[in-house]
Engineer: 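Quick one: this structure, given as structure tokens, is what I'll be asking you about.
Reckoned from all heavy atoms, side chains included, excluding hydrogens, waters and symmetry mates.
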Amino acid sequence: MGTLSLSDYEDVRIWAPWGHISGRWYGNRTERPILAIHGWLDNLGTFDTLIPLLPDYLGVLCIDLPGHGCSSRLPPGMHYSMHDYVFIIARVMKAYKWQKVSLLGHSLGGVLGFLFTALAPHTVDMIISLDICLPILESPRMLSGWAPYLEKHLVEEERAEQSEMHEPPSYTLPQLRSLMAKGSFESVPKEFAHHLLYRSVAKSQLYPEKYYFSRDGRVKYYVIFPLNRSQGSELARRVKKPFLIIKASNSPYVSPNSDEAIAILRKENPHFEMHEVAGSHHAHLTNATEVAKYLVPFIRHHRPPPVSSWSLAGEEANISKKEKRKAQERFFSWNLKRRSKL
């Protein structure tokens with residue numbers, strides 16, 4: 001069997017009351033795909049290097065979360081929230097009339113998959129989290145750090161109103177690549193930045209060779225109410241579905257704060273796996289081959305190809321009627337002997 005092609009896709013728009021959710025459906029479009037969700041401030045381009053390594057018998061539907069990529073922004077006066085983002089999964093399922101969902105998420109996308117699975121486990125058949133486990137757990141230092149978000153969110157609303165009259169600051173492509181690398185703490189190096197930039201920027205109308213960031217500035221200050229440890233543990237106990245975590249070796253996002261939840265998953269979920277690969281938070285983008293070494297076998301095991309595509313089925317179709325009759329006679333004879341010993 002082969003792998004997916006990055007050029008074999010269909011751009012989709014999923015209706016929402018505030019506009020639409022943009023997506024790109026790769027590969028098989030006749031069966032329910034894997035739903036892939038990117039991380040904070042990223043977009044579906046984050047999966048560009050991983051998609052060509054996945055098995056081609058399945059489709060993968062990558063989406064841009066609201067306010068990111070090519071998806072619609074929330075209306076003025078509304079606020080982005082991690083908890084509200086969870087409903088996006090349910091909205092996509094409803095749009096396509098899926099009874100089940102397979103989830104693949106990086107960072108924020110992995111948190112959304114974890115929360116959704118814990119809340120509605122009967123609707124999930126598989127979950128994969130890239131360099132994340134739990135949502136952030138509470139701490140006094142963290143709470144004080146988020147306090148300024150309240151005011152900054154309002155500042156971003158004012159900027160959005162002004163942008164209708166004044167274009168945002170624009171940059172050359174090399175400058176944008178540098179900004180992307182710096183903003184991600186070099187997790188997205190300059191040579192990989194284009195995978196995220198092509199859905200995050202718009203061409204300047206004032207400077208022909210420059211571009212500006214087109215995502216909603218409010219997403220930088222989305223609302224996060226952290227969990228306490230007992231809540232994190234209880235969520236982990238509710239995740240009984242096949243669950244794969246791939247941790248990046250140079251990333252702090254699967255931290256000791258997750259140890260208790262991971263211990264619960266190892267003990268109580270027989271389908272839980274966790275592996276580590278070299279790289280930083282965006283290892284799935286910068287070291288996709290290593291990530292695929294664990295990701296692909298997990299997918300093949302828990303979302304195997306249909307029986308009709310097995311090579312055995314193809315070989316059986318080529319067996320002559322005479323050979324098939326002999327095989328049936330051998331089985332009939334073996335079965336009689338087995339029954340006589342019962």
Side-chain angles (χ1 to χ4, degrees), residues 6-7 9 11-14 16 18-24 37-49 51 62-81 85 88 106-109 145-146 148-224 280-282 284-286:
L6 204 60
S7 61
Y9 67 84
D11 282 323
V12 301
R13 281 191 170 198
I14 300 162
W18 60 89
H20 69 272
I21 300 164
S22 283
R24 183 162 285 187
I37 307 175
H38 61 81
W40 179 50
L41 298 183
D42 291 346
N43 55 65
L44 63 80
T46 193
F47 299 109
D48 276 2
T49 59
I51 291 294
C62 305
I63 61 169
D64 292 331
L65 290 170
H68 297 73
C70 298
S71 287
S72 300
R73 302 179 176 197
L74 294 183
M78 301 300 293
H79 308 279
Y80 293 94
S81 163
Y85 272 142
I88 297 300
H106 168 242
S107 195
L108 171 60
W146 285 327
Y149 277 26
L150 301 175
E151 183 178 349
K152 288 181 178 180
H153 191 285
L154 297 178
V155 170
E156 286 298 333
E157 282 195 342
E158 293 176 3
R159 287 180 178 173
E161 292 175 2
Q162 295 172 2
S163 68
E164 296 179 3
M165 298 178 288
H166 306 286
E167 190 176 271
S170 55
Y171 310 89
T172 64
L173 286 176
Q175 288 173 329
L176 286 169
R177 285 193 284 268
S178 295
L179 287 171
M180 180 71 71
K182 182 180 179 181
S184 67
F185 301 101
E186 304 300 324
S187 179
V188 181
K190 295 178 185 178
E191 61 269 26
F192 286 90
H194 63 281
H195 292 292
L196 296 173
L197 288 175
Y198 75 96
R199 296 181 75 87
S200 291
V201 300
K203 194 169 180 62
S204 170
Q205 299 302 308
L206 302 176
Y207 308 100
E209 300 302 318
K210 292 187 176 182
Y211 302 80
Y212 60 87
F213 284 105
S214 57
R215 67 191 175 210
D216 192 340
R218 291 175 296 171
V219 300
K220 291 185 291 185
Y221 308 113
Y222 75 107
V223 179
I224 310 173
S280 55
H281 190 44
H282 287 77
H284 66 287
L285 177 66
T286 60

Engineer: Is there a side-chain contact between I37 and Y85 in this structure, where contact means two heavy atoms from C-beta onward sitting under 4.5 Å apart?
Structural biologist: no

Engineer: For a quick test of reading the model, state the closest non-hydrogen atom pair linking S22 to S71 and the distance between them.
Structural biologist: N-OG, 2.8 Å

Engineer: Begin from the C-alpha positions of L197 and Y211 and carry the test side-chain contact (heavy atoms from CB on, under 4.5 Å) through to its verdict.
Structural biologist: CA-CA 10 Å; L197 288 175; Y211 302 80; over 6 Å; no

Engineer: In terms of heavy-atom contacts, does NZ of K190 have more than 12 from other residues, nucleotides or ligands at under 6.0 Å?
Structural biologist: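 No.
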
Engineer: Do any N or O atoms from the side chain of S107 and from the backbone of G39 form a donor-acceptor pair under 3.5 angstrom?
Structural biologist: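 The answer is no, because no donor-acceptor pair under 3.5 Å joins these two groups.
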
Engineer: With a cut-off of under 6.0 Å to the ring centre and 45° to the axis, is R24 in cation-pi contact with Y9?
Structural biologist: yes

Engineer: Kindly give the heavy-atom pair with the smallest separation between W18 and R73, and that separation in Å.
Structural biologist: CD1-O, 3.6 Å

Engineer: So does Y207 have more than 12 non-hydrogen atoms from other groups sitting under 6.0 Å from OH?
Structural biologist: no

Engineer: Do the side chain of T46 and the main chain of N43 share a donor and acceptor less than 3.5 angstrom apart?
Structural biologist: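 Side chain of T46 to backbone of N43: no pair is present.
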
Engineer: Provide the closest heavy-atom pair for D64 versus L44 in the form atom of the first, atom of the second, distance.
Structural biologist: OD1-N, 2.9 Å

Engineer: Locate the shortest heavy-atom distance separating H38 from L65; write the atom from each residue and the value.
Structural biologist: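 Heavy atoms only, the tightest pair is NE2-N, 2.9 Å.
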
Engineer: Step by step, work out the side-chain contact (heavy atoms from CB on, under 4.5 Å) result for E156 and Y221.
Structural biologist: CA-CA 9 Å; E156 286 298 333; Y221 308 113; 3.6 Å; yes

Engineer: Could you list all the side chain to side chain donor-acceptor pair (under 3.5 Å) pairs where at least one residue sits in residues 168-182, not counting sequence neighbours?
Structural biologist: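 Found T172-Q175.
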
Engineer: Would you say the side-chain atoms of R218 pair up with the backbone N or O of M78, donor to acceptor, closer than 3.5 Å?
Structural biologist: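 Indeed, once roles are kept as given, a pair shorter than 3.5 Å links the two residues.
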
Engineer: Mark yes or no for whether E167, through its side chain, and S204, through its backbone, hold a donor-acceptor pair below 3.5 Å.
Structural biologist: no

Engineer: Flag the pair E186 / S280 as yes when at least one side-chain heavy-atom distance between them is below 4.5 Å, and no otherwise.
Structural biologist: no

Engineer: How far apart are the closest heavy atoms of Y222 and L108, and which atoms are they?
Structural biologist: OH-CD1, 3.9 Å

Engineer: Look at the side chain of H106 and the backbone N and O of H281, then say whether any donor-acceptor pair between them is shorter than 3.5 Å.
Structural biologist: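 Checked: pair present.
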
Engineer: Taking C-beta and beyond as the side chain, do Y80 and K220 meet within less than 4.5 Å on heavy atoms?
Structural biologist: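 Side chain of Y80 against side chain of K220, heavy atoms only: no contact under 4.5 Å found.
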
Engineer: Taking all atoms of both residues into account, what is the closest heavy-atom pair of L41 and R215, and its distance?
Structural biologist: O-NH1, 3.2 Å

Engineer: Test your reading of the model: is there a side-chain donor-acceptor pair from S72 to the backbone of H20, 3.5 Å cut-off?
Structural biologist: yes

Engineer: Main chain of P66, side chain of H68: is a donor-acceptor contact present, judged purely on distance under 3.5 Å?
Structural biologist: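 Between the backbone of P66 and the side chain of H68 there is a qualifying donor-acceptor contact (under 3.5 Å).
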
